[in-house]
**Student:** 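Mind looking over this structure? Questions follow.
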Amino acid sequence: MSINYQTRLTALKTYLEENNIDVAMIMTPANVFYYTGFNSEPHERFMALVVDNRNQQNILFVPALDKDLASNDSIIREIIPISDGEDPYTILQEKLGKGITRFGLEMKKVSMFQHQYLTAVFPEAKYEDIQPFINKQRMKKSRDEIAHTQKAIDIIEKVMEEGMKKATVGMSELELVAELEFLMKMFGAEGPSFSTIVLSGEKSALPHGIPGSRTFKNGDFLLIDMGVTITEGYCSDITRTFIIGEPTEKQKEIYDIVRRSNQAGIDAVKSGVPLKTFDMESRNLITNNGYGEYFNNRVGHGLGIEVHEEPSIHENNEQMAEKGLLFTIEPGIYIPNFGGVRIEDNVYINEAGEAEILTSFPRGLHML
């Protein structure tokens with residue numbers, strides 16, 4: 001499995017030429033990785049891939065402490081290290097010179113602080129948003145990308161399988177989080193792809209609740225939402241909901257509705273229909289069973305280098321589904337002061353335009 005970063009970069013350069021953009025500067029770490037193969041989080045330090053179409057040159061600016069890593073991992077040969085005491089915008093100006101009239105940026109990434117410095121060193125430039133093109137390019141996943149994602153999914157499913165065995169009455173949510181994140185490393189992950197969510201009892205009604213000291217009790221819903229990032233740079237995201245002890249009839253009813261809603265969303269997946277279709281099919285099943293007011297979020301999101309990417313699978317998204325899209329289907333019912341159920345799977349629209357379910361962890365009601 002090998003990712004052709006040069007092909008990605010060539011497509012970006014073609015877009016810049018077609019739109020008369022002189023220079024593009026990419027600062028999002030995930031996008032820098034997408035085009036170069038160098039994966040790093042610079043935190044407060046300056047990092048950017050600069051594509052200068054005027055001079056046909058590509059430059060990677062990195063924190064000085066990352067220079068060796070960038071040299072090893074990146075396809076970009078011209079790497080400029082910036083030490084903590086240097087002004088990156090002065091260095092950028094010295095390297096690019098004058099005469100930039102159209103400057104491409106990821107508008108969602110650039111802060112007011114960064115924009116102020118850019119306009120100071122390139123006062124004649126007009127800024128263009130290249131984010132939509134990058135999002136569209138990243139949205140369609142190659143089979144090599146799916147292979148990396150599958151590896152991340154296989155790991156998190158092993159974590160789920162072993163982790164659920166450790167959940168016992170009296171254990172706290174945070175204690176199970178610790179066990180799960182230990183297993184992630186044991187099974188070969190770089191780490192969690194987001195903060196692991198373990199919610200029990202009435203807290204499971206909080207879609208993005210924060211694990212705490214609440215201990216598990218008989219009769220609790222136990223919602224586990226987690227994923228991993230692997231060294232190849234791709235991630236997974238899966239949710240399963242369990243019952244501790246014997247379920248009530250209402251718990252069984254809610255669980256069965258969510259399970260069928262999840263299946264309805266997956267069954268709707270194919271190329272050539274609006275993305276909203278997947279959300280609506282899931283949502284309609286929940287609504288028609290009387291629980292529509294308890295499902296207030298979209299049914300899914302894109303997945304890949306980041307755990308949340310394009311496309312957004314919601315009921316108003318008219319964008320057409322295409323081959324190569326990878327996303328989650330994760331309907332839920334969340335009843336305040338009672339509890340909630342979410343079942344989340346990762347789905348790929350394959351070369352035949354059909355749904356390929358990458359997750360395989362059982363979706364039936366499981367009692368711990």
Side-chain angles (χ1 to χ4, degrees), residues 1-3 5 28-34 36-43 66 69-70 72-74 138 141-167 171-199 207-211 222-242 300-309 326-330 342-348 356-363 366 368:
M1 295 180 293
S2 61
I3 303 293
Y5 299 103
T28 305
N31 288 338
V32 171
F33 169 62
Y34 181 79
T36 72
F38 174 57
N39 199 358
S40 179
E41 172 52 65
H43 302 290
D66 288 334
L69 280 174
N72 289 333
D73 296 346
S74 172
R138 277 182 55 183
K141 306 297 192 293
S142 68
R143 186 50 75 171
D144 284 336
E145 289 181 280
I146 294 305
H148 290 318
T149 304
Q150 187 67 64
K151 178 180 175 181
I153 291 170
D154 292 346
I155 291 173
I156 202 59
E157 294 196 323
K158 287 171 65 179
V159 172
M160 188 75 83
E161 183 180 359
E162 292 304 312
M164 58 187 259
K165 298 174 185 176
K166 298 181 180 294
M171 174 183 259
S172 75
E173 293 167 342
L174 281 173
E175 286 172 335
L176 184 54
V177 168
E179 294 279 4
L180 294 170
E181 294 192 351
F182 173 75
L183 288 169
M184 292 176 190
K185 296 290 184 75
M186 288 293 293
F187 291 138
E190 194 172 69
S193 52
F194 57 96
S195 295
T196 300
I197 297 173
V198 171
L199 301 171
H208 284 170
I210 299 173
L222 179 60
L223 187 151
I224 300 174
D225 184 354
M226 60 183 177
V228 294
T229 299
I230 57 173
T231 53
E232 292 87 349
Y234 287 77
C235 63
S236 54
D237 182 7
I238 185 174
T239 307
R240 291 292 185 267
T241 307
F242 307 97
H301 57 83
L303 180 71
I305 295 170
E306 295 173 288
V307 77
H308 280 191
E309 298 188 353
L326 170 64
F327 47 86
T328 67
I329 295 291
E330 48 178 304
R342 177 164 67 251
I343 301 173
E344 176 182 20
D345 287 289
N346 304 160
V347 184
Y348 178 59
E356 188 172 317
I357 309 170
L358 305 184
T359 37
S360 59
F361 197 91
R363 285 175 280 166
H366 191 101
L368 303 180

**Student:** Classify the ring geometry between His308 and His208 as parallel (under 30°), tilted (30 to 60°) or perpendicular (over 60°).
**Tutor:**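 Tilted, since the angle between the ring planes falls between 30° and 60°.
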
**Student:** Is Thr328 reaching over with its side chain to a backbone N or O of His301, donor-acceptor style, under 3.5 angstrom?
**Tutor:**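 Between the backbone of His301 and the side chain of Thr328 there is a qualifying donor-acceptor contact (under 3.5 Å).
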
**Student:** Evaluate the side-chain proximity of Asp73 to Asn39: yes if any heavy-atom separation is below 4.5 Å, no if none is.
**Tutor:**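 When only atoms from C-beta onward are counted, Asp73 and Asn39 do not touch, as no gap falls below 4.5 Å.
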
**Student:** So, the side chain of Asn346 versus the backbone of Ile238: is there a donor-acceptor pair under 3.5 Å, distance only?
**Tutor:**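 Judged by distance alone, no pair lies under 3.5 Å.
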
**Student:** Roughly how far, to the nearest 0.5 Å, is CD of Glu190 from CD1 of Ile155?
**Tutor:**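 Answer for the CD1-CD pair, Ile155 versus Glu190, is 10.5 Å.
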
**Student:** List the atom of Arg342, the atom of Asp225, and the distance in Å for their closest heavy-atom pair.
**Tutor:**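 Closest pair (atom of Arg342, atom of Asp225, distance): NH2-OD2, 2.8 Å.
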
**Student:** Keeping Glu181 on the side-chain end and Pro192 on the backbone end, is there a donor-acceptor pair under 3.5 Å?
**Tutor:**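 Side chain of Glu181 to backbone of Pro192: no pair is present.
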
**Student:** Apply salt bridge (Lys or Arg N to Asp or Glu O under 4.0 Å) to the pair Lys158 and Glu161, showing each step before the final yes or no.
**Tutor:** CA-CA 5 Å; Lys158 287 171 65 179; Glu161 183 180 359; over 6 Å; no

**Student:** Could you check if a side-chain atom of Glu306 sits within less than 4.5 angstrom of a side-chain atom of Phe33, using non-hydrogen atoms only?
**Tutor:**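 Not in contact.
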
**Student:** Rounded to the nearest 0.5 Å, what separates atom OG in Ser360 from atom CG in Asp345?
**Tutor:**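 CG of Asp345 is found 9.0 Å from OG of Ser360.
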
**Student:** Run Arg143 and Glu356 through salt bridge (Lys or Arg N to Asp or Glu O under 4.0 Å) and show every step you take.
**Tutor:** CA-CA 12 Å; Arg143 186 50 75 171; Glu356 188 172 317; 3.0 Å; yes

**Student:** Considering all heavy atoms of both residues, which atom of Val307 and which atom of Ser236 are nearest to each other, and what is their separation?
**Tutor:**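 The pair with the smallest heavy-atom distance is CG2-O, 4.1 Å.
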
**Student:** For Leu368 and Met164, which heavy atoms make the closest approach, and how far apart are they?
**Tutor:**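 So the two residues come closest at CD2-O, 3.9 Å.
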
**Student:** Say whether, by atom type as modelled, one donor and one acceptor occur between the side chain of Glu41 and the main chain of Pro29 under 3.5 angstrom.
**Tutor:**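 Side chain of Glu41 to backbone of Pro29, a donor-acceptor pair under 3.5 Å: no, none is there.
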
**Student:** Measure across Met184 and Gly191 and return the closest heavy-atom pair with its distance rounded to 0.1 Å.
**Tutor:**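 Closest heavy-atom pair between Met184 and Gly191: SD-C, 4.5 Å.
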
**Student:** To the nearest 0.5 Å, what is the distance between OG on Ser193 and CD1 on Ile305?
**Tutor:**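 Taking OG in Ser193 and CD1 in Ile305, the distance rounds to 13.5 Å.
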
**Student:** Distance from His148 atom NE2 to Thr231 atom OG1, nearest 0.5 Å?
**Tutor:**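 Here the rounded value is 9.0 Å.
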
**Student:** Using modelled atom types only, decide if a donor and an acceptor are shared between the side chain of Thr241 and the backbone of Leu223 within a distance under 3.5 Å.
**Tutor:**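 Answer holds: no.
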
**Student:** Set out, in order, the CA-CA distance, both residues' side-chain angles and the distance that settles side chain to side chain contact (heavy atoms under 4.5 Å, CB included) for Glu232 and Ile3, then state yes or no.
**Tutor:** CA-CA 10 Å; Glu232 292 87 349; Ile3 303 293; over 6 Å; no

**Student:** How close do Glu145 and Tyr234 get, counting heavy atoms only, and between which atoms?
**Tutor:**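 Heavy atoms only, the tightest pair is OE2-OH, 2.7 Å.
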
**Student:** How long is the span from the OG1 atom in Thr359 to the CG atom in Asp237, to the nearest 0.5 Å?
**Tutor:**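 Taking OG1 in Thr359 and CG in Asp237, the distance rounds to 10.0 Å.
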
**Student:** At their closest point, which heavy atom of Glu175 faces which heavy atom of Met171, and how far apart are they?
**Tutor:**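 That would be OE1-CA, 3.5 Å.
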
**Student:** Quick check: does any side chain N or O of Arg240 sit under 3.5 Å from a backbone N or O of Glu344, one acting as donor and the other as acceptor?
**Tutor:**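 Yes, Arg240 side chain to Glu344 backbone: donor-acceptor pair under 3.5 Å.
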
**Student:** Enter the distance from Ile230:CD1 to Asp154:CG here, rounded to the nearest 0.5 Å.
**Tutor:**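 Going from CD1 on Ile230 over to CG on Asp154, the span is 9.5 Å.
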
**Student:** May I ask you to decide if Lys141's main-chain N or O and Tyr348's side chain share a donor-acceptor pair within less than 3.5 Å?
**Tutor:**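 Such a contact is found between Tyr348 side chain and Lys141 backbone.
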
**Student:** Do Glu330 and Thr239 pair up side chain to side chain, a donor and an acceptor below 3.5 Å, judged on atom types alone?
**Tutor:**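 No donor-acceptor contact under 3.5 Å links the two side chains.
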
**Student:** List the residues meeting ring pair (Phe, Tyr, Trp, His ring centres under 6.0 Å) with Phe38, not counting sequence neighbours, and say none if there are none.
**Tutor:**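 Not a single residue meets the ring pair (Phe, Tyr, Trp, His ring centres under 6.0 Å) criterion with Phe38.
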
